[in-house]
Amino acid sequence: MKPGIQGVPSAAGGTLQGKHAFVTGGGRGIGSAIAHALLLQGARVTLAGRTAAVLEQTARELASALTAGPSSETGGCAIDFVTVDVTSRESVNAALAEAARRHGPIAILVNNAGQAASAPFAKTGDDIWRQMMAVNLDGTYHCIQAALPGMLAAGWGRIVNIASTAGMTGYAYVSAYCAAKHGVIGLTRSLALELATKGITVNAVCPGYTETDIVKDAVANIVAKTGRSEEQARAELAAGNPQKQLVQPDQVANAVAWLCQPGASAMTGQSLAVAGGEIM
Ligand code: NAP
């Protein structure tokens, strides 16, 4: 772990003032949009991922976005980062302990780190299967186990698991990813019941195809395998969305930020699709 960036101003008077949020996969895509949304609500945010240089760059960009904002958006919070590989319990325990040492117990955990591999089921070997489970499901399990004692001690917590519409329905050629994301939703529901009287909510946010590196990779894959143009490939991915567009990262982030609000305390065990009406 490298030392992070501390003392960066963020929102004053937000409803998450003083709460420490730990966002896995916070260096890019949906995770960095979530970090931004939580900072705007006054949270202190630790970004976590495997690549220190990316985390550091994103922390700097988020910090300057906030300091460039209207003065009503600035206060006295911090953004920081730690490196972590969520597939390793040891790495997760060390990263959360370091984050808590720097900024206090974690009140908000966003399990966003994920990977999406595609392959026909017949070609889905142990490597793809294990990798999808390790990152998407084991990673979520490891992080919750590390953060939960602090939330229980505080009597308050928000756990938001970024699953996918692939956790709510099936899609061809992504069976391992679908199985892992269905697992994340099962874990969300079960844990929500266990923690229902403890002041801790557990929810899943389920994006449809969202404009990030995951979609860039999917477009490249379609182009390489089918010979279609990039535009056709993107249109193909957007076609399943009734709004006929890719979801934007900040649309996912807004749902996460709302679930983290004190006023969302009756929302638990839910899976919110952010997918233009694809799932209802
Ligand atoms: P992305 O741009 O590829 O970002 C994935 C993030 O996860 C990166 O920050 C990456 O950082 C981190 N990560 C990957 N493996 C990790 C590991 N072993 N340990 C720690 N961090 C790891 O993807 P995204 O689209 O923003 O996806 C974010 C989440 O949304 C994922 O859970 C994904 O399944 C879900 N989702 C995405 C879509 C979509 O269409 N984009 C749709 C539904 C659900 P490092 O590589 O630096 O570790």
Side-chain angles (χ1 to χ4, degrees), residues 1-2 22-36 46-59 62 81-92 94-96 99 110-118 130-143 146 160-169 171 174 176-185 188 204-222 233-234 236-238 240-241 245-253 255-256 271-276 278-279:
M1 270 170 288
K2 285 174 60 177
F22 190 91
V23 181
T24 69
R28 60 175 198 254
I30 292 170
S32 67
I34 291 169
H36 188 217
T46 299
L47 310 174
R50 292 168 302 176
T51 318
V54 171
L55 295 167
E56 183 166 18
Q57 173 69 19
T58 300
L62 289 174
F81 66 91
V82 293
T83 53
V84 71
D85 182 342
V86 297
T87 66
S88 154
R89 183 186 287 280
E90 292 70 32
S91 173
V92 166
L96 269 89
V110 183
N111 286 303
N112 166 77
Q115 293 173 21
S118 63
R130 291 278 154 239
Q131 180 66 9
M132 290 302 97
M133 294 300 154
V135 179
N136 296 296
L137 185 53
D138 299 359
T140 300
Y141 159 68
H142 291 150
C143 291
V160 183
N161 299 322
I162 308 306
S164 168
T165 50
M168 304 173 89
T169 188
Y171 295 99
V174 281
Y177 179 71
C178 265
K181 293 296 194 183
H182 273 70
V184 169
I185 290 180
T188 301
V205 168
C206 301
Y209 277 118
T210 305
E211 196 130 26
T212 69
D213 288 352
I214 281 187
V215 159
K216 268 188 217 145
D217 292 347
V219 166
N221 201 22
I222 293 170
R234 285 171 59 81
E236 200 175 297
L237 295 180
N241 178 325
Q245 56 194 10
L246 295 171
V247 176
Q248 295 304 308
D250 65 334
Q251 294 175 315
V252 181
V256 175
S271 305
L272 288 189
V274 181
E278 182 189 345
I279 307 270

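For ligands, and for the atoms within them, numbers begin at 1 and follow the listed sequence. For reference, positions follow the sequence shown, starting with 1.
- Among all protein heavy atoms, the one lying closest to atom 43 (C) of ligand 1 is P207 O, 3.2 Å.
- Atoms of ligand 1 lying under 4.0 Å from at least one heavy atom of D213, given by number and element, are 2 (O).
- In the vicinity of V215, heavy-atom distances shorter than 4.0 Å reach the ligand 1 atoms 40 (O).
- In terms of protein heavy-atom proximity, atom 25 (O) of ligand 1 is closest to T212 OG1, 2.4 Å.
- Taking 4.5 Å as the limit, some side-chain heavy atom of L237 sits within range of a side-chain heavy atom of I222.
- What sits closest to atom 46 (O) of ligand 1 on the protein, heavy atoms only, is R50 NH2, 2.8 Å.
- Summarising the contacts of atom 21 (N) of ligand 1 with A180, A113, G167, S32, the nearest heavy atom is found in A113.
- I162 counts as a contact of ligand 1, since one of its heavy atoms falls under 4.0 Å from the ligand.
- Residue contact annotation: T24 has no non-hydrogen atom under 4.0 Å from ligand 1.
- For a threshold of 3.5 Å applied to N or O pairs, the pair formed by T165 and ligand 1 contains no separation below that value.
- Of the possible donor and acceptor atoms, one in the side chain of T210 sits under 3.5 Å from a partner among the backbone N and O of G208.
- The distance from atom OG1 of T51 to atom CG of D85, rounded to the nearest 0.5 Å, is 10.0 Å.
- Geometrically, ligand 1 and A48 share no nitrogen or oxygen pair separated by less than 3.5 Å.
- Considering only heavy atoms from C-beta on, C143 stays 4.5 Å or farther from V84 through its side chain.
- The shortest distance between side-chain heavy atoms of E211 and R234 falls below 4.5 Å.
- For the pair I162 and V256, the minimum side-chain heavy-atom distance is below 4.5 Å.
- By heavy-atom distance, the residue among L246, V184, N112, V86 lying nearest atom 32 (O) of ligand 1 is N112.
- For atom 39 (C) of ligand 1, the closest heavy atom belonging to the protein is T210 N, 3.5 Å.
- Scanning all heavy atoms of the two residues, the minimum distance from L47 to A35 falls at CD2-CB, 3.4 Å.
- Residue-level proximity to ligand 1 for T51 is carried by backbone and side chain together, each with a heavy atom below 4.0 angstrom.
- Across all non-hydrogen atoms, the minimal contact from T212 to G29 is CG2-CA, 3.8 Å.
- Residue N136 comes nearest to V184 through the heavy atom pair O-CG2, 3.3 Å, listed as atom of the first residue, atom of the second, then distance.
- Given atom 27 (O) of ligand 1, the protein heavy atom at minimum distance is I214 CD1, 3.7 Å.
- Residue Y209 places no N or O, backbone or side chain, under 3.5 Å from any N or O of ligand 1.
- Contacts between A163 and ligand 1, counted as non-hydrogen atom pairs separated by less than 4.0 Å, involve the backbone only.
- In this structure, H182 contributes its side chain and C178 its backbone to a donor-acceptor pair below 3.5 Å.
- At a threshold of 4.5 Å between non-hydrogen side-chain atoms, the residues I279 and C206 do not count as touching.
- Protein heavy atom nearest atom 18 (N) of ligand 1, with residue, atom name and distance: D85 OD1, 3.0 Å.
- When all heavy atoms are compared, the tightest approach of Y171 to T165 is OH-OG1, 2.7 Å.
- Of the N or O atoms in G25, one or more lie within a sub-3.5 Å distance of an N or O in ligand 1.
- Given atom 33 (C) of ligand 1, the protein heavy atom at minimum distance is Y177 OH, 3.6 Å.
- Residue-ligand proximity: G208 is placed with a non-hydrogen atom under 4.0 Å from ligand 1.
- Among K181, M132, R28, K216, the residue whose heavy atom lies closest to atom 10 (C) of ligand 1 is R28.
- For ligand 1, the atoms lying closer than 4.0 Å to a non-hydrogen atom of V84 are 19 (N), 20 (C).
- Closest heavy-atom approach to atom 5 (C) of ligand 1 among the candidates G31, P249, G114, A218: G114.
- N112 places no side-chain N or O within donor-acceptor distance of the main-chain N or O of V23, the cut-off being under 3.5 Å.
- Residue Q115 places at least one N or O, backbone or side chain, under 3.5 Å from an N or O of ligand 1.
- Under 4.0 angstrom from ligand 1, the non-hydrogen atoms of I30 come from both its backbone and its side chain.
- N221 meets the side chain to side chain contact (heavy atoms under 4.5 Å, CB included) test with S118, K225; sequence neighbours excluded.
- With a 4.0 Å heavy-atom cut-off, ligand 1 is reached by no atom of E211.
- When every heavy atom of A275 is checked against every heavy atom of V247, the shortest pair comes out as CA-CG2, 4.0 Å.
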